[in-house]
2 protein chains.
Amino acid sequence: MAQQHPEPSAARTAPEPAAPTPPRRRSRPTIGDVAALAQVSKATVSFVVNGRAGVSPRARQRVLEAAAALGWQPSAGARALSTRRAQALGLVIRRPPELLSTDPFFPQFVAGVESGLSPLDYALVLQVVETEEAERNAYERLSHDGRADGVFLTDLQLDDRRPALTDRLGLAALIIGPGRPDSPVPAIGADDAEGVRRAVEHLHALGHRRIGHVGGAEGYVHAEARRRAWMTALDDAGLPEGPLEAADFTGAGGARATHQLLDLPDPPTAILYANDLMAIAGIAAATSRGLRVPQDLSVVGFDDIPLAEYIAPPLTTIRQDVIAWGRAAAQQLVSLTQGHPFEAPALPPVEFVVRVSTAPPAS
Amino acid sequence: MAQQHPEPSAARTAPEPAAPTPPRRRSRPTIGDVAALAQVSKATVSFVVNGRAGVSPRARQRVLEAAAALGWQPSAGARALSTRRAQALGLVIRRPPELLSTDPFFPQFVAGVESGLSPLDYALVLQVVETEEAERNAYERLSHDGRADGVFLTDLQLDDRRPALTDRLGLAALIIGPGRPDSPVPAIGADDAEGVRRAVEHLHALGHRRIGHVGGAEGYVHAEARRRAWMTALDDAGLPEGPLEAADFTGAGGARATHQLLDLPDPPTAILYANDLMAIAGIAAATSRGLRVPQDLSVVGFDDIPLAEYIAPPLTTIRQDVIAWGRAAAQQLVSLTQGHPFEAPALPPVEFVVRVSTAPPAS
DNA sequence: TTGTAAGCGTTATCAG
DNA sequence: CTGATAACGCTTACAA
């Protein structure tokens, strides 16, 4: 008899009245308090709050009353520890500050994600990083610390290593935007091509034949998708190849690219931009050269930022319902973390919003 | 003998090879694994990772090596449960989607907060809500679930009930923006007045005497602060009261307010807007009436969104370093959650950025 | 300096 | 259907 067992069950039954922990001012009621008040076991309380079968109506009723009386709600942290699930999703953003502050994407996306998450009682933990190393680190920590059950992968690059990373970590992940065919991670993205096609058709119908494109930052999958969509649409419309200028989604880049395009010996009569920010900067650039928009140059943006309607001239642009996208993404990712197979949800179709910045070409 | 105890201690030592839990593929190493590998106790490992004294260099070394070998990092959830601290801060955003997507504030603020938080190893959990009820609920849950140790209070309203709420919850909180004198919650905000004063002086120096203001949504403390700053600056400059139009920070509101002001019998020759979005919409509104900016109307914004520089004409505006603000706020709030007294940190001064949208008045 | 063991608030297992 | 009781992974007295 090397060890003496102090009658475990008896010892655990008695201490309550002995007040071994009097100074312990417990701030919030626990499941134990509720169980005691309802005169049931903790397990029963747990069953009740989790809506599981196997609880008598009477017991359930008492539990509910006790919980209400105590104002008790289960602790997310304790639950997470027990279930090994954080009940939270992670979003890591790596973008230059310049882009972060005007791009309407993230605020809307986050709002959409939240609207999808809150009914499910999931939280969103956010990280903003600057370097790729910090980004990878963030994903590892999120997974490792048990802070998130799944993560969104945004701004995917052509040679992105994150899908492999999350795969290795065994972390559920979902790519936001056009995916890569060989990726181990599913993707959910709005159909950029449809909007671009409509824009090109619109310009074509107006009589434009030289339709240029100012693209987004090279290396990004979504920038590439828009570029490709533009080329395809041109081709489908029977139009010649248009001049292309790669930019970086910033106002400065948009302005510079616009000047480049307009400096061409045979400049385009219409330009399709990969985002509104560049398009608006492009309008200003054209205006500063004495060109009138839309008489001398038609401009089409992408995103439909709130400002698009309130600049001069109001911007014709392609709008996607980013909020709905975020919501769908959140629901899908939660579903993935629960082990369900990926199922591409239907996203609302892109809209093409015609305003004033497009018109028939001058000549 | 009602119960039979299966020799608990022995049972706990043996089960490993007996494979009572063979399918339990433990995904991440635990502190126990590290302790075992390092041949020390869990407590020692804990001491090492938490940088506490009382560990021999040898033991520390072994622990470090073991942790590295196993790729172990402490679990945030378990730590939170034990310490009753989430090591996370909460940010609840309640804004109409329209405002959320163009306002440069939140993305920048979040970026700043992150830069302050990541060195401290704190996370940021975000919630976006629509109603006031949902907002209050969010704070309660954040506190109750133990998901956040402290929260930021943004977009404070004049009769805001959140300070009282967080106070009651015993949740550390920090108001972002101008605070209320009687508030139980400390505030950290950029000095709007200084920027507004510089703007008014600039316009005054150009020769303007009728300087209008398009304000932000009524009821908000920061909108009120800018309004008041404008009135004070006018007074200090010896200028007469200017016409005021309350708007709502949106493009639509800015355009409407601008028309109202310009419809006045004696319209202002310069307008100061409470944000850039309204200012840009105001420029478009004025332009649509045949007015030229800045010849016929000078326009000053507030925020310096990235686009401000790339519209026609480039916008004169007031810039605050929101990222630095966010970083300082994060550090302060963490400090508050740790029980330290509030200490107002120095924020970088606002800058007044003169571009092209301001010029001497026509007459 | 190090180890033991008792929490932290849940969920899960498994006898009654 | 119900109730003990053992995890979950960590921190932290308290002993040794």
Side-chain angles (χ1 to χ4, degrees), chain A residues 3 6 8-13 15 20-21 23-24 26-36 38-60 62-63 67 70 72-87 144-146, chain B residues 2-6 8-9 11-12 15 20-21 24 26-36 38-60 62-63 67 70 72-87 144-146:
Chain A
Q3 301 176 291
S9 49
R12 278 200 198 97
T13 314
T21 47
R24 180 173 138 232
R26 166 190 284 159
S27 46
R28 275 157 34 192
T30 76
I31 195 174
D33 300 330
V34 175
Q39 311 210 50
V40 298
S41 73
K42 294 195 299 173
T44 303
V45 177
S46 179
F47 277 24
V48 170
V49 297
N50 292 314
R52 298 242 293 246
V55 181
S56 68
R58 283 198 50 212
R60 143 170 276 107
R62 286 214 309 277
V63 167
L70 262 35
W72 173 81
Q73 281 179 238
S75 146
R79 195 195 308 245
L81 182 59
S82 193
T83 58
R84 292 151 159 273
R85 330 190 80 265
Q87 292 271 337
H144 204 118
D145 288 359
Chain B
Q3 302 175 296
Q4 56 179 85
H5 304 286
S9 50
R12 273 195 207 103
T21 46
R24 179 170 141 234
R26 168 189 281 161
S27 44
R28 278 154 34 191
T30 78
I31 194 173
D33 300 331
V34 176
Q39 310 209 51
V40 299
S41 72
K42 293 195 298 175
T44 302
V45 177
S46 178
F47 278 21
V48 170
V49 297
N50 292 313
R52 296 246 290 247
V55 180
S56 71
R58 282 198 51 213
R60 142 171 277 109
R62 286 214 308 278
V63 167
L70 261 34
W72 173 82
Q73 282 179 238
S75 149
R79 196 197 308 244
L81 184 59
S82 195
T83 58
R84 292 151 161 273
R85 328 191 83 265
Q87 291 269 339
H144 200 117
D145 288 0

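Below, read A as the first sequence line, B as the second, and so on, with proteins coming before strands; counting in each chain starts at 1.
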* If you measure from CZ on A:Arg62 to OG on A:Ser56, what distance do you get to the nearest 0.5 Å? -> 7.0 Å

* Asked: With a 4.0 Å cut-off on heavy atoms, is B:Ser46 in touch with a base, just the backbone sugar-phosphate, or nothing at all?
  -> base

* To do: Assign A:Val55 to base, sugar-phosphate, or nothing according to its heavy-atom contacts below 4.0 angstrom with the strands shown.
  => sugar-phosphate

* Kindly compute the distance separating CD1 (B:Ile31) from CZ (B:Arg79), expressed to the nearest 0.5 Å. => 9.0 Å

* Asked: Per the atom types in the model, does the base of D:dG9 pair as donor or acceptor with the side chain of B:Ser82 at under 3.5 Å?
  -> no

* Have a look at B:Ala59 and say if it touches a base, only the backbone sugar-phosphate, or nothing, with a 4.0 Å heavy-atom cut-off. => sugar-phosphate

* **Distance in angstrom units between B:Arg60 CZ and C:dG3 P, rounded** => 14 Å

* If you pin A:Pro57 and A:Ala43 to their nearest nucleotides in DNA chain D, which one's is more 5'? -> A:Pro57

* Is A:Ser56 near enough to D:dT2 that one of its side-chain N or O atoms lies under 4.0 angstrom from OP1 or OP2? -> yes

* Assign A:Gln87 to base, sugar-phosphate, or nothing according to its heavy-atom contacts below 4.0 angstrom with the strands shown. => nothing

* **With B:Arg60, the side-chain contact (heavy atoms from CB on, under 4.5 Å) member among B:Val40, B:Val49, B:Val48** => B:Val48

* So, does the side chain of B:Lys42 form a donor-acceptor pair with the base of C:dT4 at under 3.5 Å? -> no

* Checking all strands, does A:Arg52 fall into the base, sugar-phosphate, or nothing category for heavy-atom contacts under 4.0 angstrom? -> sugar-phosphate

* Of the nucleotides C:dG9, D:dT2, C:dT10, which one has an atom closest to the side chain of A:Pro74? -> C:dT10

* Asked: How close or far is atom P of D:dC8 from atom CH2 of B:Trp72, stated in whole angstroms?
  -> 16 Å

* Which nucleotide, D:dT2, C:dG9, D:dC10, lies nearest any side-chain atom of B:Arg79? -> D:dC10

* To do: Rounded to the nearest angstrom, tell me the gap between atom CD1 in A:Ile31 and atom C1' in C:dT11.
  => 8 Å

* **Below 4.0 Å: OP1/OP2 of D:dT2 and any side-chain N or O of A:Ser41** => no

* **Distance test, side-chain N/O of B:Arg84 to OP1/OP2 of D:dT11, below 4.0 Å** => no

